[in-house]
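Single-structure report; data block below.
Just so we're clear, the structure is a prediction, and the values are computed from it rather than from any experiment.
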2 protein chains.
Amino acid sequence: MKYLKETENPKVTVDVVIFTIEGAVLKILLVKRGLEPFKGAWALPGGFVKKGENLAEAAARELKEETGVYGAYLEQLYTFGAPSRDPRGRVITVAYFALMHRKKFKIEASSDASEANLFSVSSLPKLAFDHEDILEYALMRIRNKIQYTNAVWSILPENFTLGEIQNVYEIIWGRKTDKRNFRKKILSLGLLKPAGKMKKGFRQRPAKLYAFKTKKYVELKRFF
Amino acid sequence: MKYLKETENPKVTVDVVIFTIEGAVLKILLVKRGLEPFKGAWALPGGFVKKGENLAEAAARELKEETGVYGAYLEQLYTFGAPSRDPRGRVITVAYFALMHRKKFKIEASSDASEANLFSVSSLPKLAFDHEDILEYALMRIRNKIQYTNAVWSILPENFTLGEIQNVYEIIWGRKTDKRNFRKKILSLGLLKPAGKMKKGFRQRPAKLYAFKTKKYVELKRFF
DNA sequence: TGAATAGTGTCTTTCAGACAATATGCC
DNA sequence: GGCATATTGTCTGAAAGACACTATTCA
């Protein structure tokens, strides 16, 4: 018979994996912890859920505090609750991930963190807590998710070329794909509409601009 | 400026949607609440996470307490944390779902619940808390998940015929599908192996028995 | 005219979906 | 023989994947 039978009052946090693309590289925002535990280590932005606050609201608040942006694509990822994941005691974290367009936000260290920075997901520092697990899970999820949803809308500008959206997919997947096949596929999903404008002014052939029909979450049917 | 800025110490529960098939109908296990709030109402089995206990362990413990079974397919579903979801105060619940073979468990009311029963998912009583939302989400997830994983292993006996596994899929999906196409597809997934035995002793042609190659979680690749 | 990217079509293979006749064991 | 279920193959249409050349702008 176990002797640890009592319940406890855990603390509950949200942590947010904020993906963005900078210099053709997939990056995430990390903050340097200003307090113990893991003081000085890099960690995912996050914090305690406040009174009267939904989990998604808490995640959106963290996102806003770190990037100044409200209204990006934000999805609950998974809840991590190993008893020893936080040395202060029982802390259960509900992880979210978000996709941000790099030009839409400024990086400013918030009051909680002494420093904030973007890191390429392919060369990260050692992370605090179990944040490496969270990130791994987030990468798996986003790589799958963009195949059958409109989730990438918030990592792109309002209007974009097919070349640009293809770059986003390739950067997230970490592999190249055929241009003709990609265009056929992305258009056949029916998520895009022509913006009726052209991207001009570069020394190359101008490209048609597209936009997402909606920024509301759309999930395409996949059946057996 | 908001005035509810303090954090709080929420309580954390796990709730488990236990799916099974009985009489060719998809059912879930519900317990009648013996205590307030929602005393006398039907609810998903669940309870507080205990000290030193993983979330998945807590879910497995609840599953075991309610059905006597340890080791079924069990997956974290989503975390529900609306501030008003529990009238007692802030309670965040991490929902799990499980698939059980009906013959492997007995229904016994546990100490927490005055009564436990299976209900068809198509004719449920009114549920306590936000458990209807949880169930809806679980149904969506399981209907998708069985298309590219071996999740159904624990709702089937060790060895089963292709007819039996087709029945399971049809019951979970709530629709019929062509026998020849189903067999082609399920075998092409590569998750099954012939058990080398036949299901005999019925007044009909004997059927080959199959088994899952593994009960470890397998997720098939789906790429663009 | 050269650099850079946009834009486009065909063929092959694979997979999904529609569709029906024969086989086997047991009563 | 009759009942009940098992087992099997073909055709068609859609989508995936391989593959290469021409078009346009601007420096």
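- Rounded to an integer number of Å, the gap from B:Leu187 CG to C:dA16 P is 13 Å.
- Spacing between atom CG of B:Leu209 and atom P of D:dA6 amounts to 11 Å, rounded to whole angstrom units.
- The 5' end of DNA chain D is approached more closely, in terms of each residue's nearest nucleotide, by B:Glu164 than by the other of B:Asn181 and B:Glu164.
- Taking the six-membered ring for Trp, B:Tyr210 and B:Phe160 have ring centres at least 6.0 Å apart.
- A:Asn150 places a side-chain N or O within donor-acceptor distance of the main-chain N or O of A:Lys216, the cut-off being under 3.5 Å.
- B:Tyr78 and B:Phe97 have their aromatic ring centers separated by at least 6.0 angstrom.
- Checked by atom type and distance alone, the side chain of A:Ser154 pairs as donor or acceptor with a backbone atom of A:Tyr73 at under 3.5 Å.
- In this model, no side-chain donor or acceptor of A:Lys185 finds a partner on the base of D:dG17 within 3.5 Å.
- Protein atom CZ of B:Phe182 is 13 Å distant from nucleotide atom P of C:dG17, rounded to whole Å.
- Residue B:Ala207 places its side chain closer to D:dT7 than to any other of D:dT7, C:dT8, C:dG9.
- Between B:Phe119 and B:Trp42, the ring planes lie perpendicular to each other; the angle is over 60°, past the 30° to 60° tilted range.
- B:Phe105 carries B:Arg102 over the face of its six-membered ring, with the cationic atom under 6.0 Å from the centre and within 45° of the normal.
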Exercise. List the steps and the verdict of side-chain contact (heavy atoms from CB on, under 4.5 Å) for A:Val218 and A:Tyr148.
Key: CA-CA 8 Å; A:Val218 176; A:Tyr148 56 93; over 6 Å; no
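- The nearest whole Å value for the distance from the CG atom in B:Asp178 to the P atom in C:dA21 is 14 Å.
- In this structure, CG of B:Leu162 is placed 17 Å from P of C:dT24, rounded to the nearest angstrom.
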Quiz item: Which nucleotides of nucleotides 20-27 of chain D have their base under 4.0 Å from a protein heavy atom (B), which only their sugar-phosphate (S), and which neither (-), written as one string 5' to 3'?
Solution: B--BBBBS
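- Rounded to an integer number of Å, the gap from B:Gln166 CD to D:dT7 P is 11 Å.
- Atom NZ in B:Lys184 sits about 11 Å away from atom P in D:dT10, given to the nearest Å.
- Judged by distance alone with a 3.5 Å cut-off, no donor-acceptor contact links the side chain of B:Lys199 to the base of C:dT24.
- With rounding to whole Å, B:Lys208 atom NZ is found 16 Å from C:dG25 atom C1'.
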